[in-house]
There are 2 protein chains.
Amino acid sequence: MSEAAKSERGEQSRLAIAAAAQELFLERGYDKTTMRAVAERAGVSLGNAYYYFSSKEHLVQAFYDGIQASHAEVAVRRLDGRVALGDRLGAALIAWIDVAEPFHEFAAQFFKVAADPGSPLSPFSPESAPARDAAVGIHRLVVEGSDAKVTKDVRAALPELLWMLQMGIVLFWVHDQSEGQARTRELVQRLVPVVDKVVKVSRLPGVKGVITDLIDLLDAMRP
Amino acid sequence: MSEAAKSERGEQSRLAIAAAAQELFLERGYDKTTMRAVAERAGVSLGNAYYYFSSKEHLVQAFYDGIQASHAEVAVRRLDGRVALGDRLGAALIAWIDVAEPFHEFAAQFFKVAADPGSPLSPFSPESAPARDAAVGIHRLVVEGSDAKVTKDVRAALPELLWMLQMGIVLFWVHDQSEGQARTRELVQRLVPVVDKVVKVSRLPGVKGVITDLIDLLDAMRP
DNA sequence: CGCGACACTTGAACGTGTTCAACTTCGATG
DNA sequence: CATCGAAGTTGAACACGTTCAAGTGTCGCG
């Protein structure tokens, strides 16, 4: 009757395995979490874990999605009442850092997994398309809810550009060993006004051409 | 007598292992090259390979350095006679793609290793500082040999900014499955004029402030 | 020559992610 | 009810990166 319930038993196993994996990742980090330990905590056999998740990497996807969902929720809440683009962007980026903070330590460990072009966790992989679209969507919210005066094409391209900016910030964040990722927070605080200025300046006669070139480039290079 | 010759036999083993590894990486890629196969081709035991290279990752470092050196050489040669900044930047970037092309297939495989923040191969690691400095140095050459009219602070910051741009291009390149990395080449061809325009525009009244902000930010966030 | 120190070398052993052929459940169908 | 097939489950087995205690060669010094 319900659309996605293949079987009662099956879904329970899948959930138990995913839950066990997330617990262990938090407790020990990615590298020290073995598939055998995941299977044992989930109360299933080793082979069974592979029946539901075709690799250890796939077990991380749930985490990925979880952070994504939390970020969306927190960001939307914090966006409320803000109208300046810089304000909104800063709120969204800081929201991500807040949401991701508990996972910073072991995030570094599976960052390498995400960086593998062949991995399903790569932000550019087909499997990650939904998560990527959702992330871009947050920035679309940031842009569309703002009072920034920009041309239509800039407004259309900005969400994706901001998502790329966020990828860069994540890269910085992964390498940031400061307490509470203070340095990344400082980076965001200082970077946001610059973005704001760039957007403001984007309509200037000499600048407009550069911006449209860049947007055309982005469109042309999209796969 | 000579400074670095600990022993004849030892150095021969080290070289044999490094050579065998590079051959096998080229033949089969990183993942399919086993330490056992490396040891066998080098004519040493498995344990011996670990006596000289403490991990499989360390065997890649030689490749890294080799590409770096070749790039520097080729880039310097192609830079000769070019004066326009865009020209020079394009030449340097295309030189890198040319040099790296033979390794594209398996470069993707150890890109994940380089992306690991804890790995010595990470472009941000202390161990990579020499390679990083050399890479920035190429872009310093690009900038300083050009006739671009820019303020002193921009000229000083530009090499590092261009290096970051190159890191982005490498990221694109790694994911680029087109023949001969044609798409990355197109990206470079189209991106370079945009960079040129940005630099030209950087002295405009409304833009200058944004640029100095960005440079200050870069300085403040450097570790 | 004898001997100790040290660079070098070895392969067995460990723990890991992953695969697979065999087994068990269980609901639907005749 | 009996049977069949698909979904679910199992643990042994494999190949790999890595470690390590034990061995071998070699050089210098007494």
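The analysis underlying the following values was restricted to heavy atoms, covering all of them including side chains, and did not include hydrogens, waters or symmetry mates. A note on names: the letters A, B, ... follow the listed sequences, proteins ahead of strands, and every chain is numbered from 1. Keep in mind it's a predicted model, so treat the numbers as computed, not measured.
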Whole-Å distance separating the OH atom of A:Y30 from the C1' atom of C:dT16 | 12 Å
Along DNA chain D (nearest heavy atom to each residue), the more 5'-positioned of B:Y50 and B:G47 = B:Y50
Between B:Y51 and D:dC20, is there a side-chain N or O to OP1/OP2 distance below 4.0 Å?
-> no
Any chance you could measure B:E186, atom CD, to A:L217, atom CG, to the nearest 0.5 Å?
-> 8.5 Å
Which whole-number value in Å describes the distance from A:K56 NZ to D:dC16 P?
-> 19 Å
OP1 or OP2 of C:dT9 sitting under 4.0 Å from any side-chain N/O of B:S13?
-> yes
d(CG, B:N48; P, C:dA7) in whole Å = 14 Å
Is there a side-chain polar atom (N or O) of B:T34 under 4.0 Å from OP1 or OP2 of D:dA15?
-> no
Donor-acceptor pair under 3.5 Å, B:R36 side chain vs D:dG17 base = yes
Ion pair A:R77/A:D80, N-O distance below 4.0 Å | no
Quickly work out the B:L46 CG to C:dC8 C1' distance and round it to whole Å.
-> 15 Å
Rounded to whole Å, CG of A:L24 lies from P of C:dT16 at a distance of 12 Å
Interatomic distance where CD belongs to A:E11 and C1' belongs to D:dA7 [whole Å] | 13 Å
Whole angstrom is fine here: how far is it from CG in A:L15 over to P in D:dG8?
-> 12 Å
Length of the CD1-P vector between A:I17 and C:dT18, whole Å | 14 Å
May I ask you to verify if any side-chain N or O of B:Y52 is less than 4.0 angstrom from the OP1 or OP2 atom of C:dT9?
-> yes
Indicate yes or no: does B:D196 engage B:R88 in a salt bridge with an N to O separation below 4.0 Å.
-> no
Across the strands shown, which category fits A:F53 at heavy-atom distances under 4.0 angstrom: base, sugar-phosphate, nothing?
-> nothing
Whether B:W173 and B:W96 hold their rings parallel, tilted or perpendicular, with breakpoints at 30° and 60° | perpendicular
Ring centres of B:F63 and B:F106 under 6.0 Å apart?
-> yes
